[in-house]
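FYI, side chains are in, hydrogens and waters are out, and symmetry mates aren't considered; it's all heavy atoms of this structure. We name chains A, B, ... by the order of the sequence lines, and we start the count at 1 in each one.
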There are 2 protein chains.
Amino acid sequence: MSYTLSANEENIVRLVRTRGLISRADLSRESGLSKPIVSNIVSKLINEGAIIEKEIGASSEKGGKKPILLSFVSNYKYIVGVDVGGNKLIAILTDLDGNIINKVRKVTKGIKSKNALTEIIFQGIEEVITVDKTKILGVGIGVPGTTDIKNGFVYYMPAFELNDLPLGEIVSSHFGIPVMISNDVTVNALGEMSKGSAKNIRDLCLIAIGTGTGAGLILNGSIYCGSHNMAGEIGYMITDWNRENKSRNRTFGNYESWFSGNGLEIKVKEKLGLNLTTKEIFDNLEKSRDIKEIFLQGCEHLALGIANIITLLDPQMIIITGGVGYNQYSMILKHLMPFLEVIVPPEILKNISFNRGELGDLGVSVGGVSLIHDSYFLKM
Amino acid sequence: MSYTLSANEENIVRLVRTRGLISRADLSRESGLSKPIVSNIVSKLINEGAIIEKEIGASSEKGGKKPILLSFVSNYKYIVGVDVGGNKLIAILTDLDGNIINKVRKVTKGIKSKNALTEIIFQGIEEVITVDKTKILGVGIGVPGTTDIKNGFVYYMPAFELNDLPLGEIVSSHFGIPVMISNDVTVNALGEMSKGSAKNIRDLCLIAIGTGTGAGLILNGSIYCGSHNMAGEIGYMITDWNRENKSRNRTFGNYESWFSGNGLEIKVKEKLGLNLTTKEIFDNLEKSRDIKEIFLQGCEHLALGIANIITLLDPQMIIITGGVGYNQYSMILKHLMPFLEVIVPPEILKNISFNRGELGDLGVSVGGVSLIHDSYFLKM
DNA sequence: CCGTTAGTTAGTTAAAGTTACTAACAAACA
DNA sequence: TGTTTGTTAGTAACTTTAACTAACTAACGG
């Protein structure tokens with residue numbers, strides 16, 4: 001945007017956008033602002049290109065001048081969202097309503113240097129932008145690691161074995177536009193809140209089950225990262241101290257023993273001596289009692305972790321997604337809920353809705369778009 | 001306040017208050033507002049009684065007119081804070097800086113009716129107000145139960161066996177001033193944040209150990225209540241599933257087995273056949289191996305719960321307070337930390353500060369004051 | 001040592017711009 | 001003719017810039 005919207009201008013844009021088609025007179029009534037100032041703001045916004053006079057409406061039964069109906073121009077600006085994964089990068093270009101205009105995929109597997117990583121991010125962003133670059137509002141990026149959302153700094157990305165990368169500044173100065181960066185799971189939660197299955201939810205816990213397991217938190221309607229940007233690392237949660245305590249030197253940090261792709265694969269290998277992929281494990285659930293038992297133990301663990309999240313945070317919705325969580329959602333939920341029903345009292349459990357991540361593997365990139373949208377355009 | 005402060009007026013008041021003594025010229029420089037409008041706002045605020053011209057300052061070495069130093073008038077309005085406990089009620093009257101002007105205690109033990117409870121709250125508030133009633137900004141109340149902070153509704157108070165009490169409205173219409181109500185532990189956390197050991201902390205978990213155990217959460221600098229006003233009920237957290245699962249029908253909800261006054265008393269009775277008060281248990285810790293063992297098991301449990309809080313929320317500070325937690329703080333911390341050091345990696349643990357609740361048994365009432373202060377005067 | 005002058009700072013006044021409002025009105029329509 | 005939309009005109013509130021007065025320090029000359 002060439003200039004920042006004032007509070008009243010934001011309100012008018014918000015109204016035009018949510019109402020779809022609306023006249024100046026109705027805007028005045030709904031915003032509480034006077035008709036002249038609404039006309040004034042509307043003409044500014046038309047000048048900006050943010051809204052247009054779309055069509056002429058109908059008079060009321062009692063007569064009167066026909067209203068000029070205004071409409072939001074969702075493509076007067078664009079946003080780029082990037083999901084930097086350990087195996088692949090997804091970049092999307094969307095309009096202001098989040099409609100995906102273009103999508104680019106890149107392979108990131110094996111990358112271990114800062115230069116190679118930033119280069120591939122540059123390429124992804126460059127290629128996905130098929131519109132006038134001056135119309136790009138910003139780039140929102142989700143990365144698998146510890147980040148500081150305030151300054152776009154990446155502390156640690158185990159997937160690339162990289163430390164201390166000021167990625168926000170690097171990308172921002174390269175393209176000359178605003179860039180925001182946060183943890184991928186957190187960004188995914190934001191995406192589901194704005195465009196997925198958690199619309200109008202203020203307290204959300206998104207559990208991403210992939211190679212590992214992590215949670216993204218939206219609390220009081222805002223991203224929650226914690227004081228050292230480590231909130232939601234539920235892979236380290238403790239639910240069965242005596243058993244865990246006996247079987248290893250330290251629970252806190254024993255990520256892989258959890259319910260996750262990696263965790264299941266290791267358990268199957270250790271206990272059954274089988275080298276199966278996560279997909280193969282799920283394919284053989286009903287065929288092998290031993291595999292099923294390992295899976296059920298995982299589900300119990302997962303249920304205990306979720307019970308603790310419910311206890312501490314009292315969320316309105318819990319979303320399960322991620323590579324494994326999304327693809328195997330119904331299988332997981334089917335076996336997870338019986339455990340939860342034993343652990344959590346029904347009067348509490350019934351108030352919490354469980355959902356599949358509606359956005360699937362676009363969750364993080366869509367969340368990246370939301371990051372920019374909410375900070376540089378409108379917080380809806 | 002006779003009128004609501006505008007954003008600029010708030011800024012000026014905030015600056016005068018935090019700087020202590022400041023001239024109009026410095027206010028203009030620090031606020032970014034022009035000198036005339038600062039003078040304008042200052043004269044309004046002097047008229048209101050919120051600030052005064054305190055003294056004449058010194059010129060700089062280079063010469064120039066001496067500045068008139070302005071000062072905040074902390075007692076131009078007053079706030080009432082009320083701690084409604086299961087045994088006693090504490091009401092305090094403070095000025096805008098939180099200085100306690102008056103304090104009243106009432107016995108609430110045995111109260112089981114709505115009328116009796118509201119009557120004693122009325123009395124406490126009435127008696128504590130020793131200043132002109134029109135100078136009272138509002139009343140903030142912490143109650144032991146589930147509440148909706150938005151409308152002052154109390155869903156459930158087990159201590160009084162009461163349900164569905166619109167306490168906020170009852171008290172507000174009786175005194176004709178704003179009233180805010182929230183859960184006592186949550187309010188206590190707010191108190192510690194504004195006036196106690198958690199100043200300038202944005203992510204705080206306060207653990208109140210008394211008859212029972214609960215947590216109050218301040219996340220992103222704001223009170224966090226959860227979607228059904230049940231956040232922080234850590235008495236229900238699960239940390240040792242197999243052991244707990246075997247010994248009872250349901251873990252979730254088995255409050256008393258935890259580390260709490262009640263929990264310890266019951267454990268001592270069950271295992272040792274002794275009818276000891278919590279105080280007697282602590283007094284005999286070093287004399288009885290059996291009591292010590294029960295206490296250490298409690299500490300281990302507490303450590304596991306705290307480890308889970310750290311994992312999920314990554315707080316900056318953890319405060320331990322409450323009837324038991326405050327009085328026995330050093331004893332608890334001494335035996336808690338060794339467990340935590342085993343469970344939580346040192347690089348994570350070192351970033352989290354553990355503190356005693358500085359406000360002691362005034363934590364809730366001071367928090368009630370903060371509730372009103374932050375909503376009706378200034379969010380600092 | 002004392003009065004004068006230059007330079008600096010505090011706070012006010014005056015003029016002008018911005019943003020909002022109300023009142024009144026023309027255009028369009030049943 | 002009455003109703004509704006959207007504009008114009010005039011006004012009020014608030015903020016800014018520019019310029020001012022008042023008050024002070026430091027340094028210099030006699």
Take a 6.0 Å sphere around [atom1] of [X] and say whether it holds more than 12 heavy atoms from other residues, nucleotides or ligands.
X        : atom1 : answer
B:Asn200 : CG    : no
A:Glu55  : CD    : yes
B:Lys135 : NZ    : yes
A:Glu10  : CD    : yes

[X] side-chain N/O to [Y] backbone N/O, donor-acceptor pair under 3.5 Å:
X        : Y        : result
A:Ser365 : A:Gly81  : no
B:Lys195 : B:Asp97  : yes
A:Asp314 : B:Asn229 : yes

Below the 4.0 Å mark, does [N] have OP1 or OP2 next to a side-chain nitrogen or oxygen of [X]?
X       : N      : value
B:Ser39 : C:dT12 : yes
B:Arg24 : C:dT9  : no
A:Arg29 : D:dT5  : yes
B:Asn8  : D:dT15 : yes
A:Ser6  : C:dT19 : no

Could you state the [atom1]-[atom2] distance from [X] to [N], rounded to the nearest angstrom?
X       : N      : atom1 : atom2 : result
B:Ile37 : C:dT19 : CD1   : C1'   : 14 Å
A:Glu53 : D:dG6  : CD    : P     : 8 Å
B:Ile68 : D:dA22 : CD1   : P     : 14 Å
A:Leu33 : D:dG6  : CG    : P     : 15 Å
A:Ile22 : D:dG6  : CD1   : P     : 11 Å
A:Leu69 : D:dT4  : CG    : P     : 16 Å
A:Asn40 : D:dA9  : CG    : P     : 14 Å
B:Ile41 : C:dT12 : CD1   : C1'   : 15 Å

Protein-nucleic acid N or O pairs under 3.5 Å, nucleotides 24-27 of chain C:
none

*By side-chain contact (heavy atoms from CB on, under 4.5 Å) - contacts of A:Ser227 (at least two apart)*: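 Applying side-chain contact (heavy atoms from CB on, under 4.5 Å) to A:Ser227 gives B:Asp203, B:Gln316.
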
*asked:* Here's a test of your reading of the structure: between B:Asp26 and A:Ile56, which maps to the more 5' nucleotide of DNA chain C?
replied: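 The residue whose closest nucleotide sits nearer the 5' end is B:Asp26.
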
*Bend angle of the helix from C:dC1-D:dG30 to C:dA30-D:dT1 from five-pair axes at both ends, rounded to 10°?*
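Inter-axis angle at the termini of the helix from C:dC1-D:dG30 to C:dA30-D:dT1: 20°.
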
From the options [options], select the nucleotide whose nearest atom is closest to the side chain of [X].
X       : options                : result
A:Lys66 : D:dT15, C:dC29, C:dC21 : C:dC29
B:Ser34 : D:dT16, C:dA10, D:dT5  : D:dT16
B:Pro36 : C:dT19, D:dA18, D:dG6  : D:dA18
B:Pro67 : D:dT5, C:dA10, D:dC24  : C:dA10

_Ion pair check, B:Glu126 and B:Lys133, cut-off under 4.0 Å_ =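 Yes, B:Glu126 and B:Lys133 are salt-bridged.
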
_Parallel, tilted or perpendicular: rings of A:Phe122 and A:His174 (30°, 60°)_ =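 The arrangement is parallel - the two ring planes meet at less than 30°.
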
*When we call it a touch if two heavy atoms are under 4.0 Å apart, what does A:Ser23 touch: a base, just sugar-phosphate, or nothing?*
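Sugar-phosphate contact only.
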
